[in-house]
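In what follows, a structure is listed as structure tokens, so that the remarks can point back to it.
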Amino acid sequence: MSQPNIQAKIRSNPRFAELVGKRTRFAIILSLVVLLPYYTFMFIVSTQPQLLATKLTDGGILTIGWPVAAVIIIGGWLLTGVYVSRANGEFDEITAEVLKEASK
Amino acid sequence: MKRSLSALIAGSLLAISFSVLAAGGAIEGVEKQPINVSAIAMFMIFVLATLGITKWAAGKTKTTADFYTAGGGITGFQNGLAIAGDYMSAATLLGITSMVYFKGYDGFVYAVCFFIGWPIILFLMAERLRNLGKFTFADIASYRLDQNRIRTFAAIGSLTVVCFYLIVQMVGAGQLIQLLFGLEYNTAVAVVGILMMVYVTFGGMTATTWVQIIKACLLLGGGITLMLLTLAQFGWSLDNLFTKAIESHKLGEKMMAPGSLMADPVSAFSLSLGLLFGTAGLPHIMMRFFTVPNAKEARKSVFYATGFIGLFFLVTIVLGAAAISIVGTNPAFFDGGQVGGKLIGGNNMPVMHLAKAVGGDVFLGFLSAVAFATILAVVSGLALAGASAISHDLYARVIKKGTATSAQEMKVTRFASVGLGLTAILLGILFKDQNVLFLVALAFGVASSVNFPVLILSMYWKGLTTRGALWGGIAGLVSSVGLVILSPTVWVKILGNKAAIFPYDHPAIVSMTLAFFVTWLLSVTDKSARAANEKDAFEEQYIRAQTGLGASGAHAH
């Protein structure tokens, strides 16, 4: 079967629209979950640094800034795991289905 | 082919041993250290192992696909390590630890900025890159646009970033190696250049990938070992480590909070934009997405890479903080024994001194060898990306219009790799003793304002046309390079003018915005027939990007 024909079939498959919609939404939400805290953090760093200088415990040494920065890094990594598990599972299953139906 | 490989290997080994002998009798510069035998021995083991791999890889590198992408047969985990290897340069290890050592918490903020691009690359780009690309990022940029003009421009964008980055790495290599190994600057630069040529010319992507993987393991292993040795000295207590650090640091308690580095919000924003989207526009990083068989593995590779890079950054933060009390109070590490004066070997040395303090000479030797290996791996990745831009984009597609045979293209890639190696050596020697920090700003500026806009818009925006992409790219190139020249680092510190014309060191806030704006404006006003065709072609590209239909798969041997 010709390539344009397969493409037309994919396009008209409602599952394709579902895949693209779900995946795009998911990617945008996760990007915001990473970028909003990050830019909030950068904004606080450059305008309100004393907020990050608060001590974690009374009389302790560590300020709140250190765990916050560590959480941004570790959290960013965990979110890549969240994306990969859903994309390689659910999204790839829909993709395989759409491709299979189109090549029938 | 085989004979010339052996000859080159023998030649480069000879060069190293000669230079070791020669350096002993040479007049020592101020910064130059005595020959470090254990470091050189450990580095030689690395070189022999990687040359062995190159020989094996050369046997497997028969087609252009083998050369550019290792036949697409790298697994997600391997590629993740290799991406981490490409991104974690010696400058990262030395620079971030040094920043924490001198500035405290600000160093951590910097590390976060260098990290944050990775999750975004995964969410917005990784699978589309894999589904659309074949060998280079120009494949994607020119997918439905004018092959000649956009491909040529994308190749120029790649080569520009590669050259700036190469100079930074070569100069860093020369300085670091004369310091750690006691080799002459020029010799060190030549050794790096020659080994890089051998890896890339003969082993292509397969050898480069394995060099990256080995180096990433060594760097992570070395860093973690050093961290454990260091933590043991503080009774495994971070509280203890930071108490001592505050006692020893000239900023005192202030080192625990954000300080001067990011005090200007606009400057901080511009820096973070450049690093975030510049990472997504580095040609040698993007090229790695084509080495895996499919989008599934591409995603996995970013997951692993992000984990390794994040872990490495956290380790370097601990190392920098530990160095404050261990290195910062020990007169043995300061010129003339003046605690708080000039560090022996310069400001980038805290982590190396820390290695000596807690691990002795052998561990210092090991870490020095790892740093050398790291530079070598990063320049190989860069050279490969540059060679692909020349042979695949400029030669095979633009000049030969796709009629070149695989053998002809392979020949050109090899000439290009050798040419890039020689250029790198030459530039490394030319820029000796120069402040090359601004080249990092340039590399990321061009990557974020030239490569990134055309790449992301070609994948996401149907309305992009050749005219828009071309002029947007030119606007990004001219403004990013121009603004770096007018920035405090170049205009004031290097050129000696009184006040900077552009107040920020990183141009992205202006140059990236301008690039996107010009691209948009000249695309929406483009009413030509070609523009209409390009918009129509988006449909096919979109379905391929989303589903992988028609994507180039793994190549069988």
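Just so we're on the same page: letters track the sequence lines, and every chain starts at 1.
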- Side chain, backbone, both or neither of E540(B) within contact of chain A (heavy atoms, under 4.5 Å): both
- Query: Between I72(A), L78(A), V34(A), I61(A), which residue shows the highest count of heavy-atom pairs closer than 4.5 Å to chain B?
  - Reply: I61(A)
- When only pairs under 4.5 Å are counted, which of V98(A), D92(A), T54(A), I28(A) shares the most heavy-atom pairs with chain B? D92(A)
- Atom pair CG/NZ of L549(B) and K9(A) - distance to nearest 0.5 Å: 12.5 Å
- Tell me, side chain or backbone of I10(A) under 4.5 Å from chain B's heavy atoms, or both, or neither? side chain
- What part of L99(A) lies closer than 4.5 angstrom to a heavy atom of chain B: side chain, backbone, both or neither? side chain
- Query: Do Y83(A) and F303(B) pass the ring pair (Phe, Tyr, Trp, His ring centres under 6.0 Å) test, and can you show the C-alpha distance, the side-chain angles, and the key distance before you say yes or no?
  - Reply: CA-CA 9 Å; Y83(A) 181 81; F303(B) 169 70; over 10 Å; no
- Query: Taking every heavy-atom pair that is under 4.5 Å apart, which of A295(B), S272(B), G310(B) has the most such pairs with chain A?
  - Reply: S272(B)
- Message: Counting heavy-atom pairs under 4.5 Å with chain A, which one of L238(B), I317(B), L314(B) comes out on top?
- Response: L314(B)
- Message: So for L311(B), is it side chain, backbone, both, or neither that comes closer than 4.5 Å to the heavy atoms of chain A?
- Response: neither
- Item | Note: E253(B)-K55(A) ion pair, threshold 4.0 Å (strictly below) | yes
- Considering only heavy atoms, which portion of I246(B) lies under 4.5 Å from any heavy atom of chain A: side chain, backbone, both, or neither? side chain
- Item | Side-chain H-bond candidate by donor/acceptor type, Q7(A) with R544(B), under 3.5 Å | no
- Who among I94(A), I44(A), V84(A) has the most heavy-atom pairs with chain B under 4.5 Å? V84(A)
- Query: With only heavy atoms counted, which part of I309(B) is less than 4.5 Å from chain A, the side chain, the backbone, both or neither?
  - Reply: neither
- Message: Please classify the contact of I74(A) with chain B as side chain, backbone, both or neither, using a heavy-atom distance under 4.5 Å.
- Response: side chain
- chain A: which of G259(B), A268(B), A111(B), P119(B) shares the most heavy-atom pairs with it under 4.5 Å? P119(B)
- Item | Pairing residues for A69(A) by the side-chain contact (heavy atoms from CB on, under 4.5 Å) criterion, not counting sequence neighbours | F41(A), Y105(B), F108(B), V112(B)
- Query: Do side-chain atoms of W66(A) reach the backbone of M256(B) as a donor and acceptor pair under 3.5 angstrom?
  - Reply: yes
- Query: Taking C-beta and beyond as the side chain, do D264(B) and S46(A) meet within less than 4.5 Å on heavy atoms?
  - Reply: no
- Item | Atom pair CZ/OG1 of F91(A) and T547(B) - distance to nearest 0.5 Å | 15.0 Å
- Query: Within a strict 4.5 Å, meaning less than it, do heavy atoms of the P258(B) and L52(A) side chains meet?
  - Reply: yes
- Task: Side chain from CB out, backbone as N, CA, C, O: work out which of these in L241(B) comes under 4.5 Å of a heavy atom of chain A, or both, or neither.
- Result: neither
- Query: Less than 4.5 Å apart, any side-chain heavy atom of T80(A) and any of R299(B)?
  - Reply: no
- Message: Less than 4.5 Å to any heavy atom of chain B: does that hold for the side chain of Y38(A), its backbone, both, or neither?
- Response: side chain
- Task: State, with a plain yes or no, whether a side-chain heavy atom of P49(A) is found less than 4.5 Å away from one of M262(B).
- Result: no
- Message: I need the residue from A96(A), A87(A), A53(A) with the largest number of non-hydrogen atom pairs under 4.5 Å to chain B.
- Response: A87(A)
- Region of T63(A) that comes under 4.5 Å of a non-hydrogen atom in chain B: both
- Item | Pair F123(B) and F26(A), ring centroids less than 6.0 Å apart | no
- Item | Side chains of W77(A) and W118(B) in contact at under 4.5 Å (non-hydrogen atoms) | no
- Item | chain A contact via M255(B) - side chain, backbone, both or neither, heavy atoms under 4.5 Å | both
- Task: Could you look at T47(A) and say if it's the side chain, the backbone, both or neither that has a heavy atom under 4.5 Å from chain B?
- Result: side chain
- Query: Is it true that a side-chain atom of R11(A) and a backbone atom of E539(B) form a donor plus acceptor pair closer than 3.5 Å?
  - Reply: no
- Query: Are the side chains of L35(A) and L276(B) in touch, meaning some heavy atoms are under 4.5 Å apart?
  - Reply: yes
- Task: Measure across L124(B) and A27(A) and return the closest heavy-atom pair with its distance rounded to 0.1 Å.
- Result: CD2-CB, 4.5 Å
- Task: For residues I543(B) and F16(A), determine if any side-chain heavy atom of one lies less than 4.5 Å from a side-chain heavy atom of the other.
- Result: yes
- Assert top hit (heavy-atom pairs under 4.5 Å, partner chain B, pool G76(A), A70(A), S31(A)) equals S31(A)
- Note on the structure: Ranked by heavy-atom pairs below 4.5 Å to chain B, first place among L19(A), V20(A), I64(A), T95(A) goes to V20(A)
- So with a 6.0 Å cut-off around NZ of K535(B), is the heavy-atom count from everything else above 12? yes
